Amino acid sequence: MKRVLKIMIATCLLCVAAVAFGPKGQALAADYQTIELSEDDVSADAYTAIQAALDTARDNATEKTPYEVIVPEGTYILSGGLNIYSNTWLYAPGVTFLKPAELSNNMIRVGDGSSTSGDNDTHEGYYYSNITVEGATFDAQQGHNTVMKVAHATGVTLKDCTFENTVDAHLMEIAGIEDFTIDGCTFENQVISGASESRYEAIQIDILETYHYPGYLQEGLQNRNLVFKDSTFYNVPRGIGSHTAILNNPVDGVTITGCTFDEIGSAAIQGMNWINVTISGNTITDAPRGIAIYSLRTEGVYLASTLAAEGGTKTLISDSYAPLESDQNIVISGNSISTGGSDPYAYYVKSAISLSGLSLAAATEGGSISSGTGDSVPAGDYYLSGVTVSNNEIYTDGHGIRLLYTNDATIDGNTINYTGSSSTNTYFGINVRDYCAGAVITGNTVKDTASHGIIVNGSSKAAKIARNTVESAGGSGIIVESSSTVESLISNIIKNSAVNGIHVYNKATVKTVSDNEIISPGKYGIDVESGTVTAIETNEINDSANTGIFVYSFGTVNTIADNIVTSAGRYGIDVESSTVGTIKYNEVKYAGIDGIYVFKSSAVKKIWVNAIEECGGCGIAVESLESAMKIKGNEITKCEGKALIYLSPDTTSYKIKVKDNTLTGAASSPYKKTHGIYAKNCKVAVSGNKIVKTKRAICFTKSVKGTLGKNKYKNNRAVNKCFI
């Protein structure tokens, strides 16, 4: 076959093209030598003609004098896999390469060797450099090999290329590379015929290990500075990801921006052992999971010494446990994510965004699963840290944002909409769990979740949960549980939760619950159950189906103050089997039963200066006393229960001082049934109260001990005070 290679010094026009599209996006000072292939030669034998040009570039190109290989527009069958080398630009807009059924090689790879010949590339380090492939379509035609492989390289750019149509194979694999860019490319139609996780990713970020990356020299070489921008991933199991890692040698620098992921089988992005990460401005639709980042997992993690031993290379990377970076700088921001369905390949908890660290106790050291690969992982805490998840718009039938073993995370400004079945009660809007620490959850909007809107659990710690809006949660709006702690839970708006507005539960601790607006919870506005809160203050709670503020089952609250509770179905403030220091300056209106109710083995020391109005039961009812109590300065108006203040704790061990309260019965029927102060089975001291328009101003049973001082009475029934 006659081969025609037209070689010429690049014209100014070609120089401009080199500047515009050169590797790493850099302006190139050197002119490109150009090999412009003829249509006849490429049509006759595309592989031979193109490879000859690439070999010429291999033998002659330098950093100062790179080569450009231009392929004419057309569709060509490749009879062999192309090898591209340093300082080479393969320019092929409008070109489609087809892989014949008999070809089992990669369609194109950086460096020597092939995937089937047994010839391996033997170069180490970032050996290859300054490589660009532009404009070509690589159609594997349902072939079973990775379309393109890149390794031991620096400064590689793929621009405006398409990689498509593989079966049980990746579209691209990269390992041991730096300064790598995917720009404006398309990856589509990748089929997995079985549950083979090792071939999920359209672009797999891998390691130079024999089993996972044959054909190249094995080495613990770091992947770093990887950029994926303005590209499309369609009908692939995963878009971009990794499921292998080198202990103590993370992928450093991953940027994924402006990409579109559609019809994804598993997850759009799933990374492991990544630091300095930016995932922003991407659109993800029709995927079971959106973005999943892991520190390490119990399989697929290798020691650098293993890779060095396989390749006869050297490493200074330790095999011993070392905690991960304290600030891994992981930013997931401004993405539009729509997820639905289940992963058909393996079980994963469904989440639009998830970040998962790993804690391995000594008992699980070396705990790779039996069917997995990798070395024994030293015991230790491999936590993610330094995470920002912000301004993402999420539609999901699973969890919205889920963090495990993750420290110092900021979750801010996200919008999360649940789109799944209301009968599923296990999915949360935002979930911080499993020993996370330092989380800040602010300014998010969470709607229609199957279960809780925001939940902190599993012995986690959050610094702040503030300025979030939670609407129509299938569980509670915000819940802190399971020995978790939160410093401040403030200025949130919670509407129409099926259960509680805010729930502090099961040994959880919150320092401050304040300035929250809670509207129409299905049960309680604020519920402290077997938990501890220092202060519940300045909250506004409207239309609770049951109780506005409920402290229950060995809950502990130091202060309940300055809250407004309106139209609670049962009680405004209810303390049962719990301890509260002071209930003061609260405003309770229109409670279905009592304004403030203390019941069942509870201790409340002070009930001071509360305003209680038009309750269906008593203004204040005390039916339990585990410490001395002062009821002072309260204003109670138009309540219709047995008494405006009702005392029946069944103990005389502690004294109740009832002083300086203003008690006014219902104006429409001033003598109907309500007493001012009614006491039985207790020890009291009553003085300084003003009692107006009641059935009887003060009524003590014979079991009452204590003193009755001077009080003011007006317009009560004929008997202003009585002893029964």
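Computed from a predicted model, the values in this text were never measured in an experiment.
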Handout entry: Verdict with reasoning, Ile293 to Ile291, per side-chain contact (heavy atoms from CB on, under 4.5 Å)
Key = CA-CA 7 Å; Ile293 304 296; Ile291 300 167; 4.2 Å; yes

Handout entry: Asn273 side chain to Ile246 backbone, donor-acceptor under 3.5 Å
Key = yes

Practice task
Using modelled atom types only, decide if a donor and an acceptor are shared between the side chain of Asn282 and the backbone of Ser336 within a distance under 3.5 Å.
Solution key: no

Problem - Nearest heavy atoms of Ser356 and Thr406, plus distance in Å - result: N-OG1, 4.4 Å

Exercise for the section: Hey, could you give me the OH/CD1 distance between Tyr213 and Ile207, rounded to the nearest 0.5 Å? Expected result: 11.5 Å

Problem - Ser390 and Thr410, any side-chain heavy atoms less than 4.5 Å apart - result: no

Handout entry: Donor-acceptor under 3.5 Å (Thr166 side chain, Ala169 main chain)
Key = yes

Exercise for the section: Indicate the atoms forming the closest heavy-atom contact of Val110 with Ala151, along with that distance. Expected result: CG1-O, 4.1 Å

Practice task
Please report the shortest heavy-atom distance between Ile275 and Pro250, naming the atom on each side.
Solution key: CD1-CG, 3.7 Å

Exercise for the section: Give a yes or no answer on whether the side chain of Asn105 reaches the backbone of Met107 with a donor-acceptor pair at less than 3.5 Å. Expected result: no

Completion exercise
dist Ser193:OG -> Asp168:CG (nearest 0.5 Å) comes out at 3.0 Å

Problem - Interatomic distance, Thr388 atom OG1 to Ile411 atom CD1 [nearest 0.5 angstrom] - result: 10.0 Å

Problem - Test log, rule side-chain contact (heavy atoms from CB on, under 4.5 Å), inputs Phe138 and Val95 - result: CA-CA 9 Å; Phe138 294 90; Val95 174; over 6 Å; no

Exercise for the section: For Asn249 and Gly220, indicate whether the former's side chain and the latter's backbone hold a donor-acceptor pair under 3.5 Å. Expected result: yes

Exercise for the section: Please list, chain by chain and in numerical order, all residues satisfying side-chain hydrogen bond (donor to acceptor under 3.5 Å, both in side chains) with Asp206, sequence neighbours excluded. Expected result: Gln204, Thr244

Problem - Among Tyr67, Trp89, Tyr91, ring-ring contact (aromatic ring centres under 6.0 Å, His included) partner for Tyr32 - result: Trp89

Practice task
Would you name the heavy atoms of Lys99 and Gly143 that are closest together and state the gap between them?
Solution key: NZ-CA, 4.5 Å

Exercise for the section: For Thr146, enumerate each residue passing the side-chain contact (heavy atoms from CB on, under 4.5 Å) test, keeping only those at least two apart in sequence or located in another chain. Expected result: Asn106, Lys149, His170, Glu173

Exercise for the section: Could you verify whether a donor N or O on one side chain and an acceptor N or O on the other, from Tyr435 and Asp381, lie under 3.5 Å apart? Expected result: no

Practice task
Give, for atom CD1 of Ile337 and atom CD1 of Ile353, the distance between the pair rounded to the nearest 0.5 Å.
Solution key: 4.0 Å

Practice task
For the pair Thr56 (side chain) and Ala52 (backbone), establish whether a donor and an acceptor sit closer than 3.5 Å, ignoring hydrogens and angles.
Solution key: yes

Practice task
To the nearest 0.5 angstrom, please state how far the CG atom of Asp408 sits from the CD atom of Gln328.
Solution key: 10.0 Å

Problem - Minimum side-chain heavy-atom gap Ile203-Phe228 below 4.5 Å - result: yes

Exercise for the section: Check ring pair (Phe, Tyr, Trp, His ring centres under 6.0 Å) between Tyr382 and all other residues, then give those that pass, not counting sequence neighbours. Expected result: Tyr321

Problem - Qualifying residue, where the test is side-chain contact (heavy atoms from CB on, under 4.5 Å) with Met148 and the options are Val133, Leu82, Leu171 - result: Val133

Practice task
Applying ring pair (Phe, Tyr, Trp, His ring centres under 6.0 Å), name anything that partners Tyr127, two or more places apart in sequence or on another chain.
Solution key: His123

Completion exercise
Sorted by chain and number, sequence neighbours left out, side-chain hydrogen bond (donor to acceptor under 3.5 Å, both in side chains) with Thr62 holds for none

Fill in the blank from the handout: What one should report as the nearest heavy-atom pair of Ala267 and Gln270 is CB-OE1, 4.0 Å

Problem - Test item: Glu68 and Ile70 side chains (from C-beta on) under 4.5 Å apart, heavy atoms - result: yes

Handout entry: Pairwise distance CD(Glu325) to CG(Leu384) - rounded to 0.5 angstrom
Key = 12.0 Å

Exercise for the section: Report, as yes or no, whether the 6.0 Å neighbourhood of atom CG on Leu98 holds more than 12 heavy atoms from other residues, nucleotides or ligands. Expected result: yes

Fill in the blank from the handout: From the list Thr255, Asp179, Asp252, Asn276, side chain to side chain donor-acceptor pair (under 3.5 Å) partner of Asn225 resolves to Asp179

Exercise for the section: Please check if any side-chain donor atom of His399 sits under 3.5 Å from a side-chain acceptor atom of Ser354, or the reverse. Expected result: no

Problem - Results of ring pair (Phe, Tyr, Trp, His ring centres under 6.0 Å) for His152 - residues two or more places apart only - result: none

Practice task
Say whether, by atom type as modelled, one donor and one acceptor occur between the side chain of Glu178 and the main chain of Asn223 under 3.5 angstrom.
Solution key: no

Practice task
With sequence neighbours left out, write down each residue that passes salt bridge (charged side-chain N to carboxylate O under 4.0 Å, His left out) with Asp343, or none if nothing qualifies.
Solution key: Arg289

Handout entry: Residues in side-chain contact (heavy atoms from CB on, under 4.5 Å) contact with Cys185, at least two apart in sequence or another chain
Key = Leu158, Cys161, Ile182, Phe187, Ser231

Problem - salt bridge (charged side-chain N to carboxylate O under 4.0 Å, His left out) partners for Glu124, two or more places apart - result: none

Exercise for the section: Would you mind reporting whether Asn83 and Arg109 have side-chain heavy atoms less than 4.5 Å apart? Expected result: yes

Exercise for the section: Would you please test Val69 and Leu37 for side-chain contact (heavy atoms from CB on, under 4.5 Å) and show each step? Expected result: CA-CA 7 Å; Val69 175; Leu37 301 176; 4.1 Å; yes

Exercise for the section: Ignoring hydrogens and angles, state whether a donor on the side chain of Thr285 or Asp262 is under 3.5 Å from an acceptor on the partner side chain. Expected result: yes

Practice task
Take Ile205 and Leu226 through the side-chain contact (heavy atoms from CB on, under 4.5 Å) test and state the conclusion after the steps.
Solution key: CA-CA 9 Å; Ile205 302 170; Leu226 313 179; 3.9 Å; yes

Handout entry: Donor-acceptor pair, side chain of Ser320 and main chain of Ser318, under 3.5 angstrom
Key = no

Problem - Sequence-distant partners of Arg433, salt bridge (charged side-chain N to carboxylate O under 4.0 Å, His left out), two or more places apart - result: none

Exercise for the section: Might you point out which heavy atoms bring Pro378 and Leu360 nearest each other, and give the distance in Å? Expected result: O-CD1, 4.2 Å

Problem - Candidate pair Ser305 and Asp319, rule side-chain hydrogen bond (donor to acceptor under 3.5 Å, both in side chains), full reasoning - result: CA-CA 7 Å; Ser305 62; Asp319 291 346; 2.4 Å; yes

Handout entry: Glu219 side-chain N/O to Leu217 backbone N/O, donor-acceptor pair under 3.5 Å
Key = no

Practice task
Please identify each residue that fulfils ring pair (Phe, Tyr, Trp, His ring centres under 6.0 Å) with Tyr85, with sequence neighbours left out.
Solution key: none

Problem - ring-ring contact (aromatic ring centres under 6.0 Å, His included): pairs with one or both residues in residues 251-299, sequence neighbours excluded - result: Phe233-Phe261

Exercise for the section: Without swapping roles, check the side chain of Thr315 against the backbone of Ile317 for a donor-acceptor pair under 3.5 Å. Expected result: yes

